[in-house]
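A short write-up of the structure that comes next.
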Amino acid sequence: MVLDPKLLEILACPEDKGPLLYFADEDSLYNPRLKRRYAIRDDIPIMLVDEAQTVDDPEHERLLAKAQADGVKPTFDPAS
């Protein structure tokens, strides 16, 4: 199941309060600034810093390339 677009508009990283990249096919939200991935379990984003997974450089590059190739946009525009 895909997260509600209205929810995505307000989701932010709990640590730096910035936008996230949503990977529906991987059930995760990703913060490229901190290299942290937040899991989505049973359609509920687990937005706890202590439960976030820090990714290594190759995984970070893979996620950024996937976001670009798939047209994944940040959850919100911080300039707005």
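Reckoned from all heavy atoms, side chains included, excluding hydrogens, waters and symmetry mates.
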For this session: Would you confirm whether D42, through its side chain, and I44, through its main-chain N or O, come within 3.5 Å as a donor-acceptor pair?
Result: no
Exercise. Can you name the residues that form a side-chain contact (heavy atoms from CB on, under 4.5 Å) with D50, not counting sequence neighbours?
Worked result: none
Exercise. So which heavy atom on P14 is nearest to which on V49, and how close?
Worked result: CG-CG2, 3.8 Å
Exercise. Looking only at heavy atoms, which two atoms of K17 and A12 are closest? And how far apart?
Worked result: O-CB, 3.7 Å
Problem set entry | Considering all heavy atoms, the nearest N31-C13 contact | ND2-SG, 3.2 Å
For this session: Look at the side-chain heavy atoms of Ile, Leu, Val, Met, Phe, Trp and Tyr, link any pair under 4.5 Å apart, and say whether L11 and I46 land in one connected group.
Result: no
Exercise. Under 4.5 Å between side-chain heavy atoms, hopping through other hydrophobics if needed: is there a path connecting L48 to L7?
Worked result: no
Exercise. Nearest 0.5 Å, what's the CG-CD distance between L3 and E9?
Worked result: 12.5 Å
Problem set entry | From CG (D43) to CG (D27), nearest 0.5 Å | 7.5 Å
Distance-only criterion, 3.5 Å: show the donor-acceptor pairs between side-chain atoms of residues 63-73 and protein atoms not counting sequence neighbours.
residue : atom : partner : partner atom : Å
K66     : NZ   : D25     : OD2          : 2.7
K66     : NZ   : D70     : OD2          : 3.3

For this session: Would you please test L29 and L8 for side-chain contact (heavy atoms from CB on, under 4.5 Å) and show each step?
Result: CA-CA 10 Å; L29 292 152; L8 287 173; 4.2 Å; yes
Exercise. When rounded to the nearest 0.5 angstrom, what is the spacing between OG1 in T75 and CG in L21?
Worked result: 8.0 Å
Exercise. Does L20 reach the side chain of M47, with side-chain heavy atoms less than 4.5 Å apart?
Worked result: yes
Exercise. Which pairs with one or both residues in residues 36-76 pass ring-ring contact (aromatic ring centres under 6.0 Å, His included), sequence neighbours excluded?
Worked result: Y30-H60
Exercise. Is any side-chain heavy atom of E59 less than 4.5 Å from a side-chain heavy atom of Q53?
Worked result: no
